[in-house]
**Student:** 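The structure that follows is given in the form of structure tokens.
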Amino acid sequence: MRRSVLKSFGLALLALAGTACTLAKGVVGNRSGYEEPDYIVKETLPGGIAIRHYAGRVVVQTTVEPGGEAEDADEPRDEAFQRLFDYISGENSARGEIAMTVPVETKKSSQKVAMTVPVEVRGEDAGRPSAEPLTMRFFLPSKYTAETAPAPADPRVELATLPAETYAVARIEGGVNEEDLAAAKKAVSQAVASSPLYRAAGEPVVWYYDPPFTLPPLRQTDVALAVERIPAPTPAP
């Protein structure tokens with residue numbers, strides 16, 4: 001069986017950390033050193049579901065199509081993660097400086113892109129191979145724009161700019177399994193469906209923050225559902 005996405009995530013963090021000090025922080029669950037997208041909590045729905053507003057962000061993403069019936073449930077996640085990890089590890093092209101002489105030469109060089117958290121996964125079925133495509137996203141560091149981020153070398157990987165978005169988020173503290181994720185998805189969906197102010201604008205996604213060697217009580221996972229404000233009714237004339 002290939003590595004699960006969380007195990008792959010952990011190995012990636014180790015590779016990027018590169019020092020025993022950072023390793024020690026990861027073991028006890030310290031996420032310092034990894035940028036997280038900024039957000040504002042607008043309000044809290046019953047059940048502790050937070051309504052968070054995020055500014056626009058640049059992501060690198062890839063989609064893996066479902067395979068055959070014998071496909072292991074982890075394989076699409078592993079494949080997606082590997083493509084994105086290869087991108088941030090240097091499988092990208094960055095336009096170099098253009099000489100102020102003739103002939104003009106365009107240089108291409110690879111560069112590493114800092115790891116950020118969370119890693120977003122959408123389109124996975126709880127513990128089973130899904131019949132739907134699986135899409136995974138890495139959020140790029142805030143210093144990048146769509147124009148300055150290095151282009152992916154793999155045609156299956158693409159850059160995208162997300163508009164400002166609002167999410168209803170259920171946070172899971174501690175260790176998480178497929179049953180926990182399913183329960184959180186149900187809770188966030190029901191909270192939004194019962195809200196007179198918001199309605200769903202997509203399907204729930206999972207945001208992973210920690211590698212698997214983090215002590216279970218210190219782990220953090222979010223289940224997020226994009227939402228939009230319900231327009232106020234137009235007063236009768």
Side-chain angles (χ1 to χ4, degrees), residues 4-6 9 31 34-66 73-74 76-77 80-81 84 116-140 142 158-210 214 219-233:
S4 70
V5 64
L6 289 182
F9 185 27
R31 298 176 199 88
Y34 298 100
E35 181 181 342
E36 297 184 35
D38 291 330
Y39 61 84
I40 298 172
V41 177
K42 307 291 287 186
E43 59 186 293
T44 302
L45 301 181
I49 307 299
I51 300 296
R52 300 183 192 169
H53 181 73
Y54 289 84
R57 294 160 290 169
V58 178
V59 300
V60 59
Q61 62 186 19
T62 189
T63 297
V64 177
E65 297 296 330
D74 287 336
R77 289 180 291 174
F81 188 95
L84 299 182
T116 66
V117 290
V119 171
E120 178 183 297
V121 179
R122 63 177 65 208
E124 62 179 351
D125 202 359
R128 303 182 299 275
S130 175
E132 300 297 324
L134 179 141
T135 298
M136 184 178 292
R137 286 173 173 166
F138 285 5
F139 297 93
L140 296 190
S142 57
E158 64 177 357
L159 295 170
T161 301
L162 302 184
E165 292 180 296
T166 301
Y167 285 90
V169 181
R171 171 151 291 178
I172 305 173
E173 301 283 0
V176 62
N177 55 36
E178 298 296 346
E179 290 73 23
D180 296 328
L181 294 178
K185 290 178 180 179
K186 181 178 180 180
V188 75
S189 296
Q190 289 181 340
V192 172
S194 300
S195 172
L197 300 178
Y198 298 95
R199 61 190 178 196
E203 297 295 328
V205 298
V206 181
W207 292 338
Y208 295 107
Y209 290 83
D210 299 288
T214 302
R219 296 178 186 173
Q220 173 183 301
T221 307
D222 288 341
V223 170
L225 174 62
V227 298
E228 59 187 11
R229 190 89 177 185
I230 297 175

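When a residue number appears, it is its place in the shown sequence, counting from 1.
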**Student:** Are the side chains of Tyr198 and Arg229 in contact, using a 4.5 Å heavy-atom criterion?
**Tutor:**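 They are in side-chain contact.
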**Student:** Just wondering, do Pro37 and Pro118 contact through their side chains at under 4.5 Å, heavy atoms?
**Tutor:**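 Pro118 vs Pro37: side chains touch.
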**Student:** Report the C-alpha separation of Leu140 and Leu159 in whole Å, then their side-chain angles, then the decisive distance to 0.1 Å, and conclude whether the side chain to side chain contact (heavy atoms under 4.5 Å, CB included) test is met.
**Tutor:** CA-CA 9 Å; Leu140 296 190; Leu159 295 170; 3.9 Å; yes
**Student:** Which pair of heavy atoms, one from Ala168 and one from Val188, lies closest together, and at what distance?
**Tutor:**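 Shortest heavy-atom contact: O-CG2, 3.3 Å.
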**Student:** Stepwise, does the side chain to side chain contact (heavy atoms under 4.5 Å, CB included) test hold for Leu197 with Glu43?
**Tutor:** CA-CA 11 Å; Leu197 300 178; Glu43 59 186 293; 3.9 Å; yes
**Student:** Strictly distance-based, threshold 3.5 Å: is any side-chain N or O of Arg219 a donor or acceptor partner for the main-chain N or O of Thr214?
**Tutor:**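 At least one qualifying donor-acceptor pair exists.
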**Student:** Measure the OG1-CG distance between Thr221 and Asp180 for me, rounded to the nearest 0.5 Å.
**Tutor:**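 Here the rounded value is 9.0 Å.
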**Student:** Do Glu35 side-chain atoms and Ser142 backbone N/O form a donor-acceptor pair below 3.5 Å?
**Tutor:**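 Between the backbone of Ser142 and the side chain of Glu35 there is a qualifying donor-acceptor contact (under 3.5 Å).
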**Student:** Quick check: closest heavy atoms across Val192 and Arg199, and the distance to 0.1 Å?
**Tutor:**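 What the structure gives for the nearest pair is CG1-C, 3.7 Å.
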**Student:** Find the distance between OG1 (Thr63) and CZ (Arg122) and round it off to the nearest 0.5 Å.
**Tutor:**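 If we round to the nearest 0.5 Å, Thr63:OG1 and Arg122:CZ are 9.5 Å apart.
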**Student:** Can you say whether the rings of Tyr39 and Tyr54 are parallel (under 30°), tilted (30 to 60°) or perpendicular (over 60°)?
**Tutor:**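 Geometry flag for Tyr54 against Tyr39: tilted rings.
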**Student:** On a heavy-atom basis, which atom in Val223 and which in Leu181 lie closest, and how many Å separate them?
**Tutor:**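 So the two residues come closest at CG2-CD2, 4.1 Å.
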**Student:** In Å, rounded to the nearest 0.5 Å, how long is the span from OG of Ser195 to CD1 of Ile51?
**Tutor:**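 Rounded to the nearest 0.5 Å, the OG-CD1 separation comes out at 6.5 Å.
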**Student:** Mind checking the OG1-CZ spacing from Thr161 to Arg57? Nearest 0.5 Å is all I need.
**Tutor:**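 Rounded to the nearest 0.5 Å, the OG1-CZ separation comes out at 11.5 Å.
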**Student:** Could you report the tightest heavy-atom contact between Ala191 and Leu45, atom names first, then the distance?
**Tutor:**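 Closest approach of Ala191 to Leu45, heavy atoms only: O-CD1, 4.0 Å.
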**Student:** Name the one of Asp222, Asp38, Thr166 that satisfies side chain to side chain donor-acceptor pair (under 3.5 Å) with Arg52?
**Tutor:**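 Of the listed options, the one satisfying the test is Asp222.
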**Student:** Can you tell if the side chain of Tyr209 reaches within under 4.5 Å of the side chain of Arg171, non-hydrogen atoms only?
**Tutor:**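 Counting from C-beta outward, Tyr209 and Arg171 do come under 4.5 Å.
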**Student:** Give the minimum heavy-atom separation between Pro196 and Ile230, together with the two atoms involved.
**Tutor:**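 The pair with the smallest heavy-atom distance is O-CD1, 3.7 Å.
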**Student:** Roughly how far, to the nearest 0.5 Å, is CZ of Phe139 from CH2 of Trp207?
**Tutor:**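 Reported value, rounded in 0.5 Å steps: 6.0 Å.
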**Student:** Does Glu120 reach the side chain of Val59, with side-chain heavy atoms less than 4.5 Å apart?
**Tutor:**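 No, too far: nothing below the 4.5 Å cut-off.
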**Student:** Using a distance-only test with no angle check, is there a side-chain donor-acceptor pair under 3.5 angstrom linking Thr135 and Gln61?
**Tutor:**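 On atom types as modelled, these side chains do not qualify, holding no pair under 3.5 Å.
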**Student:** For the residue pair Glu203 and Leu225, what are the closest heavy atoms and their distance?
**Tutor:**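 Smallest interatomic distance, heavy atoms only, reads C-CD1, 3.6 Å.
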